[in-house]
*Asks:* 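Below is a structure I'd like to ask you about.
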2 protein chains.
Amino acid sequence: MLFSKKTEYALQALLALASASRDQPAGSLTLKKMAEMKKIPYKFLEQIMAALKKGGLVSSQKGQKGGYALSRTPAEVTVGEVVTVVEGPVSIRQSSRAAADKEVIYRFYDQLSQTIAGVLRENTLENLYVQSVELAERRRAAEMYYI
Amino acid sequence: MLFSKKTEYALQALLALASASRDQPAGSLTLKKMAEMKKIPYKFLEQIMAALKKGGLVSSQKGQKGGYALSRTPAEVTVGEVVTVVEGPVSIRQSSRAAADKEVIYRFYDQLSQTIAGVLRENTLENLYVQSVELAERRRAAEMYYI
DNA sequence: ATAATTCCTATTATTTCCATAGGGATAATA
DNA sequence: TATTATCCCTATGGAAATAATAGGAATTAT
């Protein structure tokens, strides 16, 4: 499995921040709020936000009235960056280079890594956010038939 | 990490069988031989070969003079099949479907899975085997300069 | 001062990964 | 027929990674 729960939680939290940044530029949310909104264990999310901050993807404000906000626009944040920041560099498999025979297998892993990296690079928070909004709208429209 | 050691070992063993099938069609190798050749823990490889057999990728012969052989030509075995057989279906992340908000993230995972599946489908044992032979030859050629 | 927050470090529970172990079943061969 | 070399099957163990939980220190607004 390529990604852990951390990536899922990180993306969810960042999507919440992306949404908040729509309402007001530099809109921020508290950890508590994000954990509640997205049903993520509070203390676990805390660690994830720390990583995101360290990775420069979010900024934070301490104390009362504090919170987290995106430090770039959603369109400027790729999924790849998020993954790298919370999981470390994406690797198909821990490979220790060398070994003539395994070489060809590791090369294959590398090739696959490149392909994955491409997909990760081409998708941004903005993409995901827009998709989630569209999806929610389509759902609302569909529900009207049942009223 | 997408693949475990099992995939690496499985591919190595299968490449050994692919090589054996060059020398004589339906060329077989014993578990012991494969473990030695590729420096794979014997008892671990045993479990992996069992999975490959169950998945129909190799056939086996019991008793003295027994061993394993590919049940198709190397060109007919994709890396994807090998991975699926030894690791189970490739998944970016264990996803439990539904959940309106996570949906967009799971869709992204699906999209990535499709891309990976494509690469896995387009690469066969034959490809890897040919590459490994070429690599070995280039190495031998390069070494001649140092004699 | 108090309350609401982020920040920092440790600990624990669960699961997955990577093997190791022992013996049973089967088949060739001496 | 006894022996030997193999595949076959199931269980067990240790290590590492994952997913949390816990407690309190530091900061800031009210």
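Every chain is numbered from 1, with letters handed out A, B, ... down the list of sequences. The figures that follow rest on heavy atoms only: side chains count, while hydrogens, waters and symmetry mates do not. It should be emphasised that the depicted structure is a prediction, and the values quoted were computed from it without experimental measurement.
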*Asks:* In the 5'-to-3' direction, what one-character label does each nucleotide of nucleotides 20-30 of chain D receive under the scheme B = base within less than 4.0 Å of a protein heavy atom, S = sugar-phosphate only, - = no such atom?
*Replies:* BBBBB--BBB-
*Asks:* For the pair made of NZ in A:K6 and C1' in D:dA17, what is the distance, rounded to whole Å?
*Replies:*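 Going from A:K6 (NZ) to D:dA17 (C1'), I get 10 Å.
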*Asks:* Using heavy atoms to find the nearest nucleotide of DNA chain C for A:A50 and A:M1 separately, return the residue whose nucleotide is more 5′.
*Replies:* A:A50
*Asks:* How many Å lie between CE on B:M34 and P on D:dT6, as a whole number?
*Replies:* 11 Å
*Asks:* Please check if A:M1 and B:L120 belong to a single hydrophobic cluster, counting links between Ile, Leu, Val, Met, Phe, Trp and Tyr side chain heavy atoms closer than 4.5 Å.
*Replies:*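 A:M1 does not cluster with B:L120.
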*Asks:* For chain A and DNA chain C, what are the first and last nucleotides along the strand, 5' to 3', with at least one atom under 4.0 angstrom from a heavy atom of the protein chain?
*Replies:*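 Listing 5' to 3', DNA chain C meets chain A from C:dA3 to C:dC18.
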*Asks:* Check side-chain contact (heavy atoms from CB on, under 4.5 Å) between B:K62 and all other residues, then give those that pass, not counting sequence neighbours.
*Replies:* none
*Asks:* Can you name the side-chain contact (heavy atoms from CB on, under 4.5 Å) partners of B:T7, sequence neighbours left out?
*Replies:*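 Testing B:T7 for side-chain contact (heavy atoms from CB on, under 4.5 Å), a comparison that skips the adjacent residues, returns A:Y109, B:F3, B:L11, B:V83, B:V86, B:E87.
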*Asks:* Partners of A:Q111 by side-chain contact (heavy atoms from CB on, under 4.5 Å), sequence neighbours excluded?
*Replies:* A:F108, B:V119, B:N123
*Asks:* Is any side-chain N of the basic residue among A:E81 and A:R72 closer than 4.0 Å to the acidic one's carboxylate O?
*Replies:* yes
*Asks:* May I ask you to say whether B:E126 pairs ionically with B:R22, meaning some side-chain N is under 4.0 Å from a carboxylate O?
*Replies:*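 Judged by the 4.0 Å cut-off on N to carboxylate O distance, B:E126 and B:R22 do form a salt bridge.
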*Asks:* At under 4.0 Å, does any side-chain N or O of A:S4 touch on OP1 or OP2 of D:dA17?
*Replies:*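 Result: no.
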*Asks:* Check whether any side-chain heavy atom of A:M49 lies under 4.5 Å from a side-chain heavy atom of A:K53, and answer yes or no.
*Replies:* no
*Asks:* Expressed in angstrom and rounded to an integer, what is the separation of B:I92 atom CD1 from D:dT18 atom C1'?
*Replies:* 17 Å
*Asks:* Roughly, in whole Å, what's the span from NZ in B:K32 to P in D:dC7?
*Replies:* 10 Å
*Asks:* Quick one: list whatever passes side-chain contact (heavy atoms from CB on, under 4.5 Å) with B:A69, sequence neighbours left out.
*Replies:*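 Partners of B:A69 by the side-chain contact (heavy atoms from CB on, under 4.5 Å) criterion, ordered by chain and then number, come out as B:S28, B:S59.
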